[in-house]
Amino acid sequence: MRNRKFGEFIESHRKSVSLQKLADAYGCSRAYMWDIVHGNVSPPQDYEKLLSMAKCMHLTEKQKYEFFDKAILINDIPPDIKQIILSNPILINKIRDMNKKGEL
């Protein structure tokens, strides 16, 4: 199954940033970046690499959130949210408590 939403977002926001420059920011080949943009491979899930791509494209904060949302795999959460949760044990416990209390 092809995932074009992520690639379409990249195409509409990379402006004058070349595919090679974006590949360099991600740390992959130009050919692999082409596959990402055309939905031939799943969107990247590595938060740091996605953040590097977002910076390379000079995305605004709002655009970054949309970028991370487009990278979602089926039945998953955005990579930036996953990174926030995984790096904050207190937040994990708060989420569990909220769930237990029926607040989620």
Do [X] and [Y] come close enough that some side-chain heavy atom pair is under 4.5 Å?
X: F9; Y: L59; value: yes
X: D46; Y: P44; value: no
X: P43; Y: L73; value: yes

Report the distance from atom [atom1] of [X] to atom [atom2] of [Y], rounding to the nearest 0.5 Å.
X: I10; Y: M53; atom1: CD1; atom2: CE; answer: 4.0 Å
X: N40; Y: H38; atom1: CG; atom2: NE2; answer: 8.0 Å
X: E66; Y: H13; atom1: CD; atom2: NE2; answer: 5.5 Å
X: F68; Y: L50; atom1: CZ; atom2: CG; answer: 5.5 Å
X: I81; Y: Y65; atom1: CD1; atom2: OH; answer: 7.5 Å
X: F67; Y: K64; atom1: CZ; atom2: NZ; answer: 10.5 Å

If two hydrophobic side chains count as joined below 4.5 Å and joins carry through other members, does I77 share a cluster with Y47?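 As far as the 4.5 Å side-chain criterion goes, Y47 and I77 are not connected within one cluster.
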
Any residue meeting salt bridge (charged side-chain N to carboxylate O under 4.0 Å, His left out) with E11, in chain and number order, not counting sequence neighbours: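 Expected list: R14.
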
I'd like to know whether K5 forms a salt bridge (charged side-chain N to carboxylate O under 4.0 Å, His left out) with E8, so could you lay out the CA-CA distance, the side-chain angles of the two residues, the decisive distance to 0.1 Å, and finally the verdict. CA-CA 5 Å; K5 290 181 183 182; E8 288 168 356; over 6 Å; no

Please test Q45 against D76 for side-chain contact (heavy atoms from CB on, under 4.5 Å), starting from the C-alpha separation and ending with a verdict. CA-CA 10 Å; Q45 296 300 296; D76 206 353; 3.8 Å; yes

Tell me which donor-acceptor pairs under 3.5 Å the side chains of residues 95-104 have, and how far apart each pair is, sequence neighbours excluded?
none

Table please: side-chain donor-acceptor pairs of residues 21-30 below 3.5 Å, with sequence neighbours left out.
unit_1, atom_1, unit_2, atom_2, d
D24, OD1, Q20, NE2, 2.8
S29, OG, Y32, N, 3.0

